[in-house]
2 protein chains.
Amino acid sequence: MTLYRELAAEVAGMIESGILRPGEKIPSVRNMCKRRKLSQSTVLQAYHELEDRGQIEARPRSGYVVSAYWKDMPREPAMSRSPRAATTVAVADLVFDILDATRNRALVPLGSAFPSPLLFPLPRLAQLLGGVARHLDPWATVTDLPPGSWELRRQIARRYLMAGVQVPVEDIVITSGAMEALNLCLQAVTQPGDIVAVESPAFYGALQALERRGLRALEVPTHPRDGVELDSLERMLRKHDVKACWFMSSFQNPLGGSMPEENRQRLVTLLKARDIPLIEDDVYSELYFGGEPPRPLKAQDRSGLVLHCGSFSKCLAPGYRIGWAAPGRYARQVERLKFTASISTTVAAQEALARYLGEGGYEYHLRRLRQALQTQQNQMLQAIGRHFPTQTRVSRPRGGYFLWLELPAAVDALELNRRAAAQGISIAPGPMFSAKRQFTNCIRLNYGHPWSQQIEDAVAAVGRLAAAM
Amino acid sequence: MTLYRELAAEVAGMIESGILRPGEKIPSVRNMCKRRKLSQSTVLQAYHELEDRGQIEARPRSGYVVSAYWKDMPREPAMSRSPRAATTVAVADLVFDILDATRNRALVPLGSAFPSPLLFPLPRLAQLLGGVARHLDPWATVTDLPPGSWELRRQIARRYLMAGVQVPVEDIVITSGAMEALNLCLQAVTQPGDIVAVESPAFYGALQALERRGLRALEVPTHPRDGVELDSLERMLRKHDVKACWFMSSFQNPLGGSMPEENRQRLVTLLKARDIPLIEDDVYSELYFGGEPPRPLKAQDRSGLVLHCGSFSKCLAPGYRIGWAAPGRYARQVERLKFTASISTTVAAQEALARYLGEGGYEYHLRRLRQALQTQQNQMLQAIGRHFPTQTRVSRPRGGYFLWLELPAAVDALELNRRAAAQGISIAPGPMFSAKRQFTNCIRLNYGHPWSQQIEDAVAAVGRLAAAM
């Protein structure tokens, strides 16, 4: 762990254990530098991280204090304990029943998988889309065939480079959203009947993809802050013939955890030694709250075993359906699978995003989006603290737009979902996220919508329903 | 067969057998009415059909004569004879090697699968796309989730109705092009290892889809004019446990054949009696040359066994990647598969096409497009007559944009393809279209590009290469 992370973890521990109380001052930067023999920049970085998490705040003329609302903040959930056998996946019916509800615009979308579309630069994108379409070379329908628009792939390669990852333009395949990319990558590295390791809880889309392809899921214990538990994974790899892993390294859906840098290194080494390909579902990585972007597992990959999948749907252009895969040694295979799956991806949408990325407003948009999501997370955390049973545990992700709640054991999340729906509110109940339908007392809430009285009331209502169970 | 078709077939037979020679008059309409006791409209319909096929032409003051170039027209190919066993499919490498070439814009695209993008109303579509995107309800990203835009599905249902097919709006699922629709339908009705009946020769995309899903292909003899040979099919269904059929009822790729109305009826009855689902790949049906649009097999379907797949990519908006499925009793299943495969389809593209279909210029565009393709077909048929070995047989499709050539047995189409590529010309060699790599002396040529000296020269060059083999 880096020095500043160590310091941040230490101060956070003091806050979470109650040694430091809401409103109380924490040691000044100067003081801390002297006491711990740290540089000013290290201490500042640690404090900024704590500020990003909402645990401390800067007060004019009094330095940093513990955030006022911190007293209301529930504890984080415990790590999942997973069954140790692979499971045939059959989640489709459950998941679809619940998804049908999230499409209903009359419901308050706490169960939705999407952030508010109002957070995105849709007018500027629309302008570009119209302009690009009017001036498009008619032959782009042929030249943008898989692997896709060269200029868009160049822009994506440029962003990889900025994130410290070297991906040749030729190895990027444009897809109709990340979901298609993930499916194609899964197809490239598995045969029906194979075992695939997934997180526990896992993104239900991954479980559905496994189900479609007739694969078995091996659910690996996953920490709500640090992601996949590597000791468990290592044991499981010794016992099972795992053909691939499908993990979300950053802001995992639904837990929100991100793997620490040292775990990322260890995971890639672990898989390389066994020649196991890793599908990295990395659609939330742009939505980080700290100053520093998470580095994808792909950054550690020297052997081409990491199939990295990204998307613009969560961070820039929902509805444009543009995603991509950087599938390493499987690039040509994925390119061919893309062709046989759906020929190509909407040409004007590819070119419009390429233009947007080229003109330079993206960073500004992302900063505002991250800010909005972080504010909304704090608002929802506080509301949960006010309205949910005191034993409730809540994740505290450093990015993305999901909270994971572990409710008292008596709460049946599926029943809670039915009762919430009757009151006009959607939630995402825990069993959606497990091939074994575990997490019966957990729910995922979406804070991707600007805070409003309606959302506050909805959180309060779900809290009351949970308390009554 | 209807009366006018019988008459047309009879006159065509006289032309093809040489009884009527180029430039010679055929009986006047009045004469024919009297002689055959037919109504004037029946005779006119027959003559218009022959005119559409390019076999006769109207001369001012002398009535109809046999077309002048008919003497140069090669004969139609014979019906395919297929192996009677199901085959594991492994065409991917061959097909991709050839497709890579068609993407190369330096090559004359005789092997291309796409018509010229210049034939489409791209400027108007671009206008609509820009306008729609600017005024789009941001929540359309949620409401246009599968099954897709309601307005677009309504417009498609309206067109079905005009073609005499009743499809409820609710049963239409929008997809990222027809290829995705076809894949999802195939997935809905098969399990890996199943046998699927396909035409012989078949669209290579169907073979690739079978290969991806681990299915076995049963190749059914197919007539270059009338499509699937039903007596053979019936025998094969008795012998094999066929789980699904994948047929193109109209302007089959690559042969160009269309099933006569009575065959369509018989096929649907045949499959209904055995409860075998039929995937109807119907992406060329708007490109008919006669006065009368072909009626899809779906029109005969009362039991929901026909999964009809369509697209706007060949007739209106290449590059927009909008297709659809009307999967009958499998509609909900296909909708769910669409969600798990790629979540949704580009929202602005869906809405732009809905607007285009609503404003009424579509019919006018289609008439011009059909006219252009028919003219180009005649031009290419004549060029083939001039430049290819005399034993060459050529299909004479009444729609679409492909010709199927059966060359002298000594010609190796794969070698011809290599030699043509060396001269800057792409072609589509026959073995691409067969799981057993039959049709070694056949090629498919694309006439979807406005005629030019370059294309004339390319046809001449391929003809010379073939003659030299």
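The model shown is predicted, which means the values in this text are computed figures rather than measured ones.
With B:T346 contributing its side chain and B:A349 its backbone, the two residues share no donor-acceptor pair below 3.5 Å. In this structure, the side chain of A:D282 does not engage the main chain of A:M248 through any donor-acceptor pair within 3.5 Å. Looking at B:N446, its side chain never comes within 3.5 Å of a backbone N or O of B:G111 through a donor-acceptor pair. Here the side chain of B:R153 pairs no donor or acceptor atom with the backbone of B:V173 at under 3.5 angstrom.
Only one option out of B:T345, B:I343, B:V347 pairs with A:R321 in a side chain to side chain contact (heavy atoms under 4.5 Å, CB included); it is B:I343.
Using a 4.5 Å cut-off between heavy atoms, B:D93 contacts chain A through both its backbone and its side chain. Heavy atoms of A:R134 lying under 4.5 Å from chain B belong to its backbone as well as its side chain. In this structure, chain B has no heavy atom under 4.5 Å from any part of A:A209. B:R212 touches chain A through backbone and side chain together, each having a heavy atom under 4.5 Å away. The contact between A:L99 and chain B is made entirely by side chain atoms (from C-beta outward), counting heavy-atom distances below 4.5 Å. For A:E351, no part lies near chain B; criterion is any non-hydrogen pair under 4.5 Å. Heavy atoms closer than 4.5 Å to chain B are found in the side chain of A:Q187, but not in its backbone.
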What verdict does the salt bridge (charged side-chain N to carboxylate O under 4.0 Å, His left out) test give for B:R124 and B:E359, after you've listed the backbone C-alpha separation in whole Å, the side-chain angles of each residue and the deciding distance to 0.1 Å?
CA-CA 11 Å; B:R124 179 65 190 140; B:E359 71 179 14; 2.7 Å; yes

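Of the listed residues (A:L118, A:L337, A:V95, A:L145), the one with the most heavy-atom contacts under 4.5 Å to chain B is A:L145. Interface remark: of the candidates B:P318, B:G323, B:G177, B:P318 forms the most heavy-atom pairs closer than 4.5 Å to chain A. Comparing A:S116, A:P109, A:A348, A:A133 by how many heavy-atom pairs each has under 4.5 Å with chain B, the most go to A:A133. When each of A:Y320, A:Y204, A:W139 is checked for heavy-atom pairs under 4.5 Å with chain B, A:W139 comes out on top. Among the candidates A:P138, A:P123, A:S344, the residue making the largest number of heavy-atom pairs closer than 4.5 Å to chain B is A:S344. Contact count versus chain A (heavy atoms, under 4.5 Å) is highest, among B:T141, B:N183, B:T340, for B:T340.
Proximity of B:M179 to A:F339: side-chain heavy atoms (C-beta onward) are nowhere separated by under 4.5 Å.
A salt bridge links B:E335 with B:R332; the closest basic N to acidic carboxylate O contact falls under 4.0 Å.
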